[in-house]
There are 2 protein chains.
Amino acid sequence: MDHPTLPSAADWLAKAGLRPTRQRLALAHLLIGDGKHRHVTAESLFEAARRAGDPVSLATVYNTLKVFSEAGLLREITVNGAKSYFDTDTSNHPHFFWEETGDLSDAPGDELEIARLPEAPAGAEISKVDVVIRVRQKAPA
Amino acid sequence: MDHPTLPSAADWLAKAGLRPTRQRLALAHLLIGDGKHRHVTAESLFEAARRAGDPVSLATVYNTLKVFSEAGLLREITVNGAKSYFDTDTSNHPHFFWEETGDLSDAPGDELEIARLPEAPAGAEISKVDVVIRVRQKAPA
DNA sequence: TTAAGTGCAAATTATTTGCAGTAAG
DNA sequence: CTTACTGCAAATAATTTGCACTTAA
């Protein structure tokens with residue numbers, strides 16, 4: 001069923017040196033199984049696992065997403081005061097945040113061009129730059 | 001004590017059409033009293049009010065900050081999963097977020113230059129663009 | 001065997017809300 | 001007067017944690 005050119009969930013974990021437990025393999029498969037990037041929250045991934053018939057506790061989903069992010073497999077994006085999204089695309093790219101629905105989607109990364117960036121203050125270094133473009137439904141005339 | 005060229009807390013509320021209650025005046029004064037921009041959280045402003053001897057409940061601080069933001073007097077910035085910051089500088093400018101301490105500070109706005117921005121998807125419009133530059137202490141060699 | 005991973009339920013943190021009382025227009 | 005604002009305490013939402021059990025190495 002897996003396409004040979006796609007990295008398997010096991011490979012994905014292995015390259016980060018993470019133990020391939022049943023739960024992690026299941027979540028990893030849901031995240032990268034089809035090779036397409038996606039944005040999940042702990043809650044949405046928990047739901048997806050439930051629908052797929054993989055029993056995983058919500059706490060483990062939270063822990064696993066954090067572990068994946070720390071290992072560089074995912075990128076955490078915090079948009080709203082409350083929710084964290086995790087993006088399987090770890091490259092530096094901007095996001096659209098839909099104010100009405102709370103959804104997050106990729107913005108075409110090649111259409112953002114930052115000509116100059118402020119320098120990090122002395123003794124500090126830039127870890128990453130988050131660009132969130134908040135959009136809303138255009139009001140009907 | 002107030003410098004005549006600084007807008008008073010009362011003026012500041014008036015221009016947004018907000019009722020000048022004792023609590024709002026006190027919080028407004030703490031926010032813009034000296035004409036300098038600042039970043040506060042509900043908790044930090046609550047503490048500042050307490051220290052200044054202005055009795056205000058935490059719930060009112062939360063509500064007031066939200067009202068001020070909706071009225072365009074403040075700009076809300078959500079950085080981490082948990083906390084919201086409110087900035088008295090409502091212009092579009094980037095921020096430094098200190099990963100170790102959770103502090104937020106202004107980054108010089110004139111050193112950020114966005115050459116191109118992705119267009120909003122059809123039917124949508126850009127409400128604002130948040131640029132957060134995450135910085136951390138440089139590791140000592 | 002043994003340190004890491006998991007699941008549950010309870011704990012935490014940031015924020016919101018219901019509702020009775022208080023004050024601004 | 002009358003509607004908005006305030007304060008408290010309880011409610012909520014997202015996330016984390018303590019601890020006994022399970023599993024990968």
Side-chain angles (χ1 to χ4, degrees), chain A residues 9-30 39-50 53-71 73-74 76-86 97 101-104, chain B residues 9-14 16-30 39-47 49-50 53-71 73-74 76-86 97 101-104:
Chain A
D11 294 343
W12 197 61
L13 292 177
K15 87 175 166 202
L18 297 174
R19 281 198 191 172
T21 66
R22 179 182 56 71
Q23 293 85 336
R24 286 179 179 175
L25 285 168
L27 297 179
H29 184 74
L30 289 170
H39 304 92
V40 302
T41 61
E43 203 66 50
S44 78
L45 185 58
F46 174 67
E47 248 312 296
R50 168 166 301 282
D54 298 314
V56 186
S57 80
L58 182 55
T60 295
V61 174
Y62 272 103
N63 292 333
T64 301
L65 284 173
K66 193 158 62 160
V67 168
F68 284 5
S69 294
E70 282 162 0
L73 295 175
L74 297 177
E76 184 173 5
I77 307 144
T78 302
V79 179
N80 230 16
K83 235 170 263 185
S84 276
Y85 289 82
F86 296 84
F97 175 69
T101 61
D103 277 348
L104 193 75
Chain B
D11 294 343
W12 197 61
L13 292 177
L18 297 175
R19 281 197 190 173
T21 66
R22 178 181 58 70
Q23 294 84 336
R24 286 179 179 176
L25 285 168
L27 296 180
H29 185 74
L30 288 170
H39 304 91
V40 302
T41 60
E43 203 66 49
S44 77
L45 185 57
F46 174 66
E47 249 310 298
R50 168 166 301 282
D54 297 315
V56 186
S57 81
L58 181 56
T60 296
V61 173
Y62 271 104
N63 292 333
T64 302
L65 284 174
K66 192 159 62 160
V67 168
F68 284 4
S69 295
E70 281 162 1
L73 296 175
L74 297 177
E76 184 172 4
I77 306 144
T78 302
V79 179
N80 230 17
K83 236 169 262 185
S84 275
Y85 288 82
F86 296 85
F97 174 70
T101 62
D103 278 349
L104 193 76

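Just so it is clear, the structure is predicted and the values come from calculations on it, not from any experiment. Convention: sequence-line order gives letters A, B, ...; per-chain numbering from 1.
Side-chain contact between F46(B) and T41(B) is absent, with no heavy-atom pair separated by less than 4.5 Å. In this structure the side chain of Q23(B) never reaches within 4.5 angstrom of the side chain of T64(B), judged on heavy atoms. Looking at K83(A) and L104(A), their side chains never come closer than 4.5 Å, going by heavy atoms from C-beta outward.
As rounded to whole Å, 18 Å separates atom P of dT23(D) from atom CG of N63(A). Between the NZ atom of K83(A) and the C1' atom of dT15(D) there is a distance of 13 Å, rounded to whole Å. F46(B) places its CZ atom 11 Å from the C1' atom of dC8(D), with the value rounded to the nearest Å. As a whole-Å value, the separation of E70(B) CD from dC5(D) P is 11 Å. As rounded to whole Å, 14 Å separates atom C1' of dA13(D) from atom OH of Y85(A). Between the CG atom of L58(B) and the C1' atom of dG7(D) there is a distance of 11 Å, given to the nearest Å. One atom, CZ of F68(A), and another, P of dG5(C), lie 11 Å apart when rounded to the nearest Å. L27(B) places its CG atom 12 Å from the C1' atom of dT6(D), with the value rounded to the nearest Å.
In this structure, the side chain of S44(B) does not engage the main chain of V40(B) through any donor-acceptor pair within 3.5 Å.
One finds no side-chain N or O of Q23(B) lying less than 4.0 angstrom from the OP1 or OP2 phosphate oxygen of dT22(C). Using a 4.0 Å cut-off, no side-chain N or O of T21(B) falls inside it from OP1 or OP2 of dA24(C). Note on Y62(B): a side-chain N or O is less than 4.0 Å away from OP1 or OP2 of dT15(C). Distances shown here put a side-chain N or O of R24(A) below 4.0 Å from the OP1 or OP2 atom of dT6(C). Put simply, S84(A) has a side-chain N or O that comes within less than 4.0 Å of OP1 or OP2 on dT15(D). OP1 and OP2 of dT6(C) both lie 4.0 Å or more from every side-chain N or O belonging to T60(A).
Minimum atom distance to the side chain of A59(B) is reached by dC8(D), of the listed dC8(D), dT17(D), dT6(C). Comparing dT15(D), dT16(C), dT6(D) against the side chain of A42(A) picks out dT15(D) as the nearest.
Minimum heavy-atom separation, L65(B) to A42(B): CD1-CA, 3.6 Å.
Both R22(A) and R19(B) sit near DNA chain C, but only R22(A) has its closest nucleotide nearer the 5' end.
V67(A) comes within contact range of no nucleotide atom at all, as no heavy-atom separation falls under 4.0 Å.
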